[in-house]
Asker: 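Can you read through this structure? Questions will come right after.
Proteins get letters first, then strands, A, B, ... in listed order; numbering begins at 1 in each.
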Amino acid sequence: MQTEQNILTGLNDKQLEAVTLPNQSALILAGAGSGKTRVLTTRIAWLIQTGQVSPMGLLAVTFTNKAAKEMLTRLTAMLPINTRGMWVGTFHGLCNRLLRAHHREAGLPSTFQILDTADQLSAIKRVMKAMNVDDEKYPPKQVMGYINSCKEEGLRAHQVEAYDAHSQKLREIYEAYDAQCNREGVADFAELLLRSYELLERDARIRGHYQSRFRYILVDEFQDTNRLQYLWLKLLAGQENSLFAVGDDDQSIYAFRGARVGNMADFQRDFAVQNIVKLEENYRSHSNILDAANAIIAHNKDRLGKNLWTSAGKGEPVRVYEAYNDTEEAQYIVDEISMLHREGIELGDIALLYRSNAQSRILEHALFTANLPYRVYGGLRFFERAEIKHALAYMRLIANANDDTALLRVINFPARGIGARSLEQLQEAAQQQSCSLWQAAVNKVGEGKVGGKGLDGFVGLIRHMVDQAYGISLAETVELATTLSGLKAHYQNEKEGEDRIENLDELVTAAVAFTNQDFGNHHNVDEELDLMTQFLNHASLEAGEHQAEVGREALQLMTVHAAKGLEFHTVFISGLEEGLFPHEQAAYEHGGLEEERRLMYVAVTRARQRLYLSYAQSRMLHGQVRYGIASRFLDEIPDSLLKRLNSRAAPKPYSSVSVAPASSGYPFKIGQSVRHAKFGEGVVVSYEGNADNLVIKVNFGREGMKSLAMEYAKLEKI
DNA sequence: CGACGTCCCCTTTTT
DNA sequence: GGGGACGTCG
């Protein structure tokens with residue numbers, strides 16, 4: 001078959017082996033830059049082309065919408081097939097689809113809304129208020145974390161163990177929160193998964209249907225799956241079907257949000273995996289970069305074992321720069337980038353990475369001053385913006401006025417004289433009548449109760465909107481919601497409202513685009529769900545592009561996490577200091593350091609040709625000057641791969657604060673590197689106490705910050 | 001109701 | 001240092 005040869009052309013032996021494995025469960029350990037996505041999509045294309053499965057008979061799961069889209073794009077480029085109706089998507093997207101199709105069996109209204117993180121948090125706050133829980137003792141964010149991690153473990157409130165008063169209270173809140181969600185007909189992200197898992201588990205008919213349909217299940221980024229996702233896959237696979245899992249344990253960087261690398265080992269056992277293929281040939285980086293990455297990751301004990309290699313040459317050495325402070329580091333980076341740019345490297349092909357978002361500010365400042373165009377990834381996304389959420393809340397109310405979350409968001413925005421007191425009364429009334437806030441409001445207005453002026457207006461407004469929205473297009477509905485509500489007028493009067501108006505206009509555009517795309521696309525599967533519900537779902541599940549698109553003519557700034565899956569000609573990794581990268585918080589979590597190291601591994605393997613690693617002797621952190629020492633990850637790279645560049649600029653101490661008195665009683669200057677017999681190398685941070693009882697504070701990096709009595713501490717200068 | 005002040009905290013993030 | 005949340009005052 002000629003076309004078959006076409007799609008398999010150019011694969012290396014291992015890739016070919018993975019793509020053409022027999023129909024048995026398989027684990028593909030795909031190292032960074034080893035052609036993972038290509039293997040996954042070619043496998044799908046090959047299965048379809050050789051007639052082993054129809055496009056409808058396979059299920060492909062990814063973590064991000066971007067990855068799902070990418071897969072479909074590549075697939076259609078390989079095969080002239082119609083991807084409509086294919087089950088390719090994110091865990092959440094697929095679960096949503098499942099729940100929409102079987103909402104009755106799942107105990108949800110057909111128009112159930114999806115709560116995003118912000119909605120969920122406010123829902124939790126509401127529950128806690130109704131229960132009179134002290135939010136000092138139970139910070140809502142922590143409660144949310146608790147609830148989500150329970151759900152991600154597959155546990156309902158009644159299944160969670162609670163050994164003390166505190167955890168019992170948490171469990172109680174969890175239970176009440178779930179009850180509230182059920183009452184309001186909404187589901188948070190974790191709920192989508194748990195609910196569909198329970199549905200499949202409980203309903204043998206539905207389970208059987210999907211099990212016999214999806215003979216082939218393929219999972220991307222398998223190392224990032226959490227317990228519940230794994231259980232879900234297992235349930236769907238049943239006894240008959242095969243699971244084709246692609247992942248890289250060395251790139252597991254999401255344990256902090258519930259990812260379980262252990263799923264890879266469980267998978268091998270539970271599915272009696274015979275086929276394990278390692279893709280170790282890297283097509284991205286030169287060997288100096290790759291060897292550095294290998295050397296770093298070799299320090300982790302908990303690995304399945306894999307070593308990347310390349311047939312490309314050594315390439316350039318890895319450059320390491322030691323700066324005096326953070327501003328000087330930023331300046332150096334900017335100068336280098338300007339130079340590279342002059343030499344013809346596209347700015348869009350250069351990435352500037354950091355461990356935490358807070359670090360971007362100082363870099364941005366330097367870039368701005370140097371007039372270098374850059375783009376920062378991270379921060380608020382389109383559908384998460386306040387004005388967009390307000391507009392969507394009005395639309396949600398048009399669809400279903402009993403949506404309390406939506407109602408609370410906009411009942412007094414723009415302000416219409418419904419203050420905290422009237423709201424409280426409304427909530428009481430709703431509780432007494434055990435109905436939604438909207439129902440309670442309608443009743444109040446009907447009774448002609450005093451104090452309902454604003455309420456009267458609101459009820460009238462929503463009713464009017466529902467009337468007007470009948471039979472008009474989606475885009476027109478957006479238009480209507482933003483004007484009748486007074487949102488637009490409100491922002492027009494605001495000084496800084498221009499951007500917001502623009503965003504609201506863009507929402508109309510998004511609605512038009514969604515409508516057009518929808519007519520060509522998956523119409524059959526989403527049944528008769530109305531377009532607006534679909535659009536609102538889309539808004540929750542796909543909050544807008546977050547990850548970088550390569551090829552833009554601007555320097556790319558992002559966290560290391562955000563850089564996963566991308567590659568650049570040149571990569572700068574900044575802030576390589578103990579406490580920052582590896583982050584000090586990580587030291588307290590078990591396995592934290594290994595995860596930081598994997599993060600470093602991911603960062604290093606983003607670079608094709610040139611890699612810069614930099615750190616600063618001191619930096620402003622939380623409004624204080626902090627003296628740090630070089631990250632241990634730098635020590636883990638063999639010197640033979642490195643080229644060390646040290647700052648030649650004169651040390652510029654921070655003029656504002658000079659904590660250290662310059663007098664003779666202080667043997668070491670602040671910032672001086674010292675050695676201690678037990679703690680090793682460190683940096684002097686400050687002095688405390690008086691001359692009689694002088695305490696010196698030293699940052700020993702991995703040993704932590706120590707306060708030592710000057711009299712006894714045996715420190716020597718290095 | 002909104003403007004302004006004060007306090008507190010402060011990884012990483014997708015859906 | 002700086003953003004977000006909350007509280008007070010005009």
Side-chain angles (χ1 to χ4, degrees), chain A residues 61-68 89-96 114-121 125 135-136 139-141 145 148 151-152 187-194 221 224-226 228-229 252-259 326 353-362 365 377-381 383-384 386 412-420 454 490 493-495 537-547 558-565 575 579-589 592 595-596 598-600 602-603 619-626 654 656-657:
Chain A
V61 200
T62 62
F63 273 83
T64 64
N65 292 302
K66 192 184 166 199
T90 63
F91 278 102
H92 293 87
L94 296 171
C95 285
N96 178 46
I114 299 164
L115 300 185
D116 68 11
T117 313
D119 296 333
Q120 188 187 16
L121 188 63
K125 283 182 184 163
D135 58 3
E136 297 259 295
K141 275 199 179 138
N148 288 340
K151 288 190 178 183
E152 278 158 12
D188 59 55
F189 288 133
E191 183 69 28
L192 292 176
L193 279 153
L194 184 50
E221 305 277 18
D224 286 337
T225 49
N226 63 36
L228 180 57
Q229 286 160 341
S252 153
I253 54 173
Y254 286 112
F256 74 92
R257 67 172 197 214
D326 44 2
L353 309 183
Y354 34 81
R355 173 73 228 299
S356 58
N357 284 308
Q359 287 165 251
S360 77
R361 221 193 67 254
I362 198 146
H365 178 77
Y377 293 91
L380 266 196
R381 288 175 296 170
F383 285 108
E384 285 168 354
N412 199 33
F413 194 93
R416 48 178 74 87
I418 304 175
H490 175 263
N493 293 330
E494 214 178 41
K495 280 190 300 248
N537 271 301
H538 167 82
S540 315
L541 284 174
E542 193 166 346
E545 266 327 317
H546 197 48
Q547 251 214 333
M558 65 193 94
T559 62
V560 178
H561 283 93
K564 190 175 174 202
L580 206 59
F581 197 179
H583 201 280
E584 59 193 348
Q585 302 292 117
Y588 303 112
E589 294 154 23
E595 177 144 322
E596 293 290 306
R598 291 192 293 269
L599 200 49
M600 181 66 184
V602 168
R619 91 169 48 237
M620 272 292 209
L621 215 63
H622 309 320
Q624 271 186 318
V625 180
R626 246 182 71 145
Y654 289 96
S656 51
V657 269

Asker: For a 4.5 angstrom cut-off between non-hydrogen side-chain atoms, does A:Met620 reach A:Asp326?
Answerer: yes
Asker: Are B:dT11 and A:His583 stacked, with the base six-membered ring and the side-chain ring centres under 5.5 Å apart and planes under 30°?
Answerer: yes
Asker: Under 4.0 Å, heavy atoms only, any strand: does A:Phe91 hit a base, just the sugar-phosphate, or nothing?
Answerer: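 If one applies the 4.0 Å heavy-atom cut-off, A:Phe91 turns out to touch nothing in the nucleic acid.
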Asker: Any donor-acceptor pair under 3.5 Å linking the side-chain atoms of A:Thr117 with those of A:Gln120?
Answerer: no
Asker: With rounding to the nearest 0.5 angstrom, report the CD1 to CG distance, A:Ile114 to A:Asn96.
Answerer: 4.0 Å
Asker: To the nearest Å, how far apart are A:His538 NE2 and B:dT15 P?
Answerer: 12 Å
Asker: Tell me if the aromatic rings of A:Phe256 and A:His561 count as close, with their centers under 6.0 Å from one another.
Answerer: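 Between A:Phe256 and A:His561, the centre distance is under 6.0 Å.
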Asker: Look at the side chain of A:Glu589 and decide which nucleotide, out of B:dT13, B:dT11, B:dT15, has an atom nearest to it.
Answerer: B:dT11
Asker: Just by modelled atom types, is the A:Ala586 backbone N or O under 3.5 Å from a matching donor or acceptor in the A:Glu596 side chain?
Answerer: no
Asker: Under a criterion of less than 4.0 angstrom to any heavy atom of chain A, what are the 5'-terminal and 3'-terminal contacting nucleotides of DNA chain C?
Answerer: C:dG1 to C:dG2
Asker: From CE of A:Met558 over to P of B:dT13, roughly how many Å is that when rounded to an integer?
Answerer: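 Spelled out: CE on A:Met558 to P on B:dT13 is 11 Å.
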Asker: Measure the shortest side-chain to side-chain distance between A:Leu541 and A:Leu192 over non-hydrogen atoms and say whether it is less than 4.5 angstrom.
Answerer: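 Yes, their side chains come closer than 4.5 Å.
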Asker: Would the base of B:dT12 count as contacting A:Arg355 through its side chain, where contact means a donor and an acceptor less than 3.5 Å apart?
Answerer: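 Between B:dT12 and A:Arg355, which were checked side chain against base, a qualifying N/O pair under 3.5 Å is present.
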Asker: Which residue, A:Arg257 or A:Ala415, contacts DNA chain B at a nucleotide closer to its 5' end, judged by nearest heavy atom?
Answerer: A:Ala415
Asker: Is the backbone of A:Ala190 close enough, under 3.5 Å, to the side chain of A:Asn148 for a donor and an acceptor to pair up by distance?
Answerer: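 Looks like no, no N/O pair under 3.5 Å.
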Asker: How long is the line joining CD of A:Gln624 and P of B:dC9, in whole Å?
Answerer: 15 Å
Asker: Considering only heavy atoms and no angle criterion, is a donor-acceptor pair shorter than 3.5 Å present between the side chain of A:Thr117 and the base of B:dT15?
Answerer: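 Answer yes: a donor N or O sits under 3.5 Å from an acceptor.
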Asker: Can you check the A:Arg598 CZ to B:dT12 P distance for me, whole Å?
Answerer: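 Rounding to the nearest Å, CZ of A:Arg598 and P of B:dT12 are 18 Å apart.
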Asker: Sticking with atom C1', work out how far C:dA5 lies from B:dT12, rounded to a whole angstrom.
Answerer: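 Here C:dA5 and B:dT12 have their C1' atoms 23 Å from each other.
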Asker: Taking only N and O in the side chain of A:Asn357, is any of them less than 4.0 Å away from OP1 or OP2 of B:dT13?
Answerer: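 A:Asn357 to B:dT13 OP1/OP2: side-chain N or O found under 4.0 Å.
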Asker: Counting just side-chain N and O atoms, does A:Ser356 come under 4.0 Å of either OP1 or OP2 of B:dC10?
Answerer: no
Asker: So which nucleotide from B:dC10, B:dT15, B:dG2 ends up closest to the side chain of A:Thr64?
Answerer: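 Output: B:dT15.
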Asker: Rounding to a whole Å, what distance do you find between A:Leu353:CG and B:dT12:C1'?
Answerer: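 After rounding, the gap between these two atoms is 13 Å.
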Asker: Given the C1' atoms of C:dG3 and B:dT14, what is the spacing between them in whole Å?
Answerer: 23 Å
Asker: What is the distance from NE2 of A:His490 to C1' of B:dG2, rounded to the nearest Å?
Answerer: 9 Å
Asker: Could you tell me how far apart A:Glu596 (CD) and B:dT12 (P) are, to the nearest whole angstrom?
Answerer: 11 Å
Asker: Is the shortest distance from a Lys or Arg side-chain nitrogen in A:Asp224 or A:Lys564 to a carboxylate oxygen in the other one below 4.0 Å?
Answerer: yes
Asker: Compare the minimum distances between each of B:dT12, B:dG2, B:dT15 and the side chain of A:His561, then state the nucleotide with the smallest one.
Answerer: B:dT12
Asker: Syn or anti for B:dT12, given that syn means the glycosidic angle lies within 90° of 0?
Answerer: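 Anti, which is what one calls it when the glycosidic angle falls more than 90° from 0.
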Asker: State whether A:Asn96 places a side-chain N or O below 4.0 Å from either non-bridging phosphate oxygen (OP1 or OP2) of B:dT15.
Answerer: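 Answer is no, no contact under 4.0 Å.
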Asker: Are A:Phe256 and the base of B:dT11 stacked, counting only ring centres nearer than 5.5 Å and planes tilted under 30°?
Answerer: no
Asker: Write down the distance between CD1 (A:Ile114) and C1' (B:dT15), rounded to a whole number of angstrom.
Answerer: 9 Å
Asker: Are A:Glu152 and A:Arg257 within salt-bridge range, i.e. N to O under 4.0 Å?
Answerer: no
Asker: Answer yes or no: does a side-chain N or O of A:Asn412 lie under 4.0 Å from OP1 or OP2 of B:dC1?
Answerer: yes
